[in-house]
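First the structure, in the form of structure tokens, and then the observations on it.
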Amino acid sequence: MRNLGKINDLVLKGDFEEANYKQQVLTEYSNNPFIEALPPIFDEDDVLSRFMLTPRITEQDKQSETNIRYHVLKRIKNFIQPLPIHFEVERRLSTLIRRGYLARNPLDKTFFERIRLLHELREDEEEAHKYIDDRLNNIRSTADSLSIIGISGIGKTTAIERVLLMYPQVIKHDMYKEQPFNRTQIVWLKIDCPYDGSLSTLCKGFFKAIDDLLGTRYLEKYGYLNRVTSTMLLHMTSLASMYGIGVLVIDEVQHLLHSKNDQEEMLNFFVTLSNTVGIPIVLIGTSKAQQLFKGNFRQARRAASDGSIIWDRMSEESEEWEFFLETLWELQCLKTHSELTEEVRKTFYEECQGITSVAINLFILTQERALFDESNEDEKITPRVLKKTAKEDMKIIQPMLNAVRKNDMRAMYKYEDIMLNLDELMGQQKKETAFEGKVKAAMTERLNTAKYKRQATIESLSIEIASIGIFDALSPKDIRTKVEVLVERASVESDYQILKSQAIQELMDLNQMMKEKKAKTTVSNSLLPLVEAREKALKKKEHPYQFIKNSGYIKSPIDEFVLEKEFSD
């Protein structure tokens, strides 16, 4: 097996589905199988349900021994509070994917023209990169790009991954409107920019991500054998078009600043994918990433053709911070429930500065300290315990937090990950208070319902069990479906650990059954439609060629010639 070097193995994976075409509300989205196979456009309630993740900590948990409660506290790491910016990210991504497919309708002749041109370019791959833009420039593109910029730990990656998982990742098409339409569609692909900013490693990561999804061998075919970067870019472009990739998400783009190669080459490639090939791009990075676009208006414009989302920390006076903290505060697993006093509020914000991941970790670490602190018999969260936890257990990030607290620009420059474009932030309108109120009201209503409690249990169990990594024959959707059935038939007050054990046992049985079924299954006829067509022809005592032609698998040479002539004209 080849050594993949720095290629990231931890690739986000979604569901694999058979195409199910849906009636479209908007006429421009109709008669496009890539769009019609997507889920319906999500409303705010859908987004709220998928982003709301409040782990269950029962009264029984709170009465457990100290060593048990230490483990229970780790559930809080899964806590996600829906915020107005999550709805904005979902709306932007939903639009990006659908509008990107408008000019890449697989039923339109321009789609085949794009494939044909890329095939021609591959035949002259050593020189093709020099004129790929000119050859594809006459083909219309409706793809936009989006940049999401914010400080480390604010929740950018978590948000985009939860939105992506609302969509199937791979859709297998077979028939469309009673006509053969054998195509594999990749709705989204997320890869991390390599730490060294290498364009070559990024391309290899792209090939590997597709291989992991489809079982192909593109990394071996295109990523090695002394392939030069420009050649890999061409093949990457070709695959993105052939599989109808709906959106390409590239995380940690600030790593491009470490590149030994010309950053201009990398940015030009992003522009080519979006502007000529028509693949929407989402670039995610820390504030440092903004330096990539300084001095080059073309790249800056293309990297944010659908706008930029500048993701700042929550301010102490905002409603979103108040509700975030109040919801988080209910996740205590101590002997005494500590009240959220004004002094505690101020101390907590002072020590985390409204940064999501810092706040959650501070809350967990403070409770852990209270559990084992002999001088704190009541296990209470106090300002003193908060300050001590931050000083001793979060020592490594104190220099960065001090820079934020003091608004020290010189110190912030030293820690570029926390630098934000203050001019843009000042010009950006504050999130609508009315919308924040709507989210808060909806969540408050759900928190006390049995439906919500079941939903929270399903979310927590699905994530925890999937992270074990032993169910190699099951998709995340398979795991979630089994967990849903188990939770729905159990009592709302059922013990979490008992449910978890039952779910693991049932999933192990299902996993084994799926592996045995796969082992017994020979090559599926659905993967070999011509073999299936031949068998049908023989049963009907027809010539296989004529049957295959009548089924639409063979085109008339005359029609093909006319189509090619239309393209050339």
Side-chain angles (χ1 to χ4, degrees), residues 13 15 48-82 158 162 165 327-338 360-361 363-368 370-372 379 381 443-517:
K13 290 186 180 180
D15 292 328
L48 192 65
S49 297
R50 294 302 293 268
F51 272 87
M52 190 190 313
L53 182 50
T54 309
R56 284 185 65 194
I57 296 180
T58 65
E59 287 302 319
Q60 183 178 342
D61 290 329
K62 296 176 184 179
Q63 302 304 318
S64 302
E65 296 296 325
T66 301
N67 60 324
I68 300 299
R69 287 186 288 150
Y70 179 83
H71 285 261
V72 171
L73 285 172
K74 298 303 181 184
R75 294 180 195 166
I76 303 174
K77 283 188 172 291
N78 295 329
F79 172 73
I80 299 178
Q81 166 70 56
T158 299
R162 288 194 78 82
L165 290 172
T327 308
L328 179 64
W329 210 252
E330 292 303 313
L331 302 178
Q332 295 183 41
C333 197
L334 302 174
K335 288 180 181 178
T336 306
H337 180 82
S338 303
I360 292 173
N361 282 309
F363 187 62
I364 295 172
L365 291 170
T366 300
Q367 292 192 69
E368 290 177 1
L371 281 177
F372 298 103
E379 298 182 358
I381 301 175
M443 275 206 66
T444 303
E445 179 183 350
R446 286 167 174 251
L447 280 171
N448 298 318
T449 64
K451 180 180 179 182
Y452 167 74
K453 291 178 180 178
R454 291 186 188 278
Q455 186 66 28
T457 302
I458 290 168
E459 290 286 350
S460 296
L461 281 176
S462 299
I463 292 173
E464 283 190 42
I465 292 173
S467 66
I468 298 174
I470 61 174
F471 305 110
D472 52 338
L474 302 179
S475 70
K477 186 176 181 180
D478 294 331
I479 294 173
R480 183 183 174 87
T481 300
K482 176 61 73 173
V483 169
E484 282 179 349
V485 172
L486 180 64
V487 173
E488 290 296 336
R489 73 184 183 214
S491 167
V492 177
E493 301 302 327
S494 296
D495 181 78
Y496 185 88
Q497 292 302 325
I498 293 176
L499 286 174
K500 184 176 178 180
S501 298
Q502 291 175 347
I504 290 174
Q505 184 57 56
E506 292 188 20
L507 284 165
M508 288 176 67
D509 294 341
L510 178 61
N511 190 68
Q512 184 62 31
M513 184 179 70
M514 295 296 288
K515 288 170 75 171
E516 291 173 358
K517 181 179 178 181

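Below, all heavy atoms of this structure are taken into account, side chains as well, without hydrogens, waters or symmetry copies.
Under the 3.5 Å distance criterion, the side-chain polar atoms of Arg50 are left unmatched by any main-chain donor or acceptor of Arg162. Checked by atom type and distance alone, the side chain of Trp329 pairs as donor or acceptor with a backbone atom of Ser338 at under 3.5 Å. For the pair Ser64 (side chain) and Asp61 (backbone), a donor-acceptor distance under 3.5 Å is present.
Residues passing the side chain to side chain donor-acceptor pair (under 3.5 Å) test with Asn78: none are found, sequence neighbours excluded. Residues forming a side chain to side chain donor-acceptor pair (under 3.5 Å) with Gln497 (at least two apart in sequence, or on another chain): none. Remark: Phe471 engages no residue in a ring-ring contact (aromatic ring centres under 6.0 Å, His included) (not counting sequence neighbours). Listed by chain and number, the residues in a side chain to side chain donor-acceptor pair (under 3.5 Å) with Asn67 amount to none (sequence neighbours excluded).
To the nearest 0.5 Å, atom CD1 of residue Ile80 and atom OG1 of residue Thr327 are 13.0 Å apart. Distance CD/Glu368 to OG1/Thr66: 12.0 Å, rounded to 0.5 Å. Taking CD1 from Ile479 and CD1 from Ile504, the interatomic distance works out to 10.0 Å, rounded to the nearest 0.5 Å. Between the CD1 atom of Ile364 and the CG atom of Asn361 there is a distance of 5.5 Å, given to the nearest 0.5 Å. Rounded to the nearest 0.5 angstrom, Arg56 CZ and Thr457 OG1 are separated by 4.0 Å. Atom CD of Gln502 is separated from atom CG of Leu486 by 5.5 Å, given to the nearest 0.5 angstrom.
Val485 has its side chain out of reach of Glu506: every pair of non-hydrogen atoms, C-beta onward, lies at least 4.5 Å apart. Residues Lys515 and Asp472 have side chains in contact (heavy-atom distance under 4.5 Å, counting atoms from C-beta outward). In this structure the side chain of Gln332 never reaches within 4.5 angstrom of the side chain of Ile57, judged on heavy atoms. Contact check for Ile76 versus Leu328: side-chain heavy atoms found under the 4.5 Å cut-off. Contact annotation: the side chain of Thr54 never approaches that of Glu330 to less than 4.5 Å [non-hydrogen atoms, C-beta and beyond]. Using a 4.5 Å heavy-atom threshold, the side chains of Leu371 and Glu379 count as touching.
Nearest approach of Pro55 to Phe79, heavy atoms of both residues: CD-CA, 3.9 Å. Considering all non-hydrogen atoms of both residues, Ala503 and Ile465 come closest at CB-CD1, 3.5 Å. When all heavy atoms of Leu73 and Cys333 are compared, the pair lying nearest together is CD2-CB, 3.9 Å.
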Could you go through the side-chain contact (heavy atoms from CB on, under 4.5 Å) check for Val72 and Lys62 one step at a time?
CA-CA 9 Å; Val72 171; Lys62 296 176 184 179; over 6 Å; no
Before giving the answer on salt bridge (Lys or Arg N to Asp or Glu O under 4.0 Å), spell out for Glu484 and Lys477 the whole-Å C-alpha distance, their side-chain angles and the decisive distance to 0.1 Å.
CA-CA 10 Å; Glu484 282 179 349; Lys477 186 176 181 180; over 6 Å; no
Met514 vs Leu474, side-chain contact (heavy atoms from CB on, under 4.5 Å): CA-CA, chis, key distance, verdict:
CA-CA 8 Å; Met514 295 296 288; Leu474 302 179; 3.8 Å; yes
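Taking a 6.0 Å sphere around CD of Glu488, one finds it holds more than 12 heavy atoms contributed by other residues, nucleotides or ligands.
Legend: salt bridge (Lys or Arg N to Asp or Glu O under 4.0 Å) pairs involving residues 462-471, not counting sequence neighbours, sorted by first then second residue: Glu464-Lys500. Sorted by first and then second residue, the ring pair (Phe, Tyr, Trp, His ring centres under 6.0 Å) pairs with a member in residues 49-68 read Phe51-His86; sequence neighbours excluded.
Looking at Thr481 and Asp478, their side chains never bring a donor and an acceptor atom within 3.5 Å of each other.
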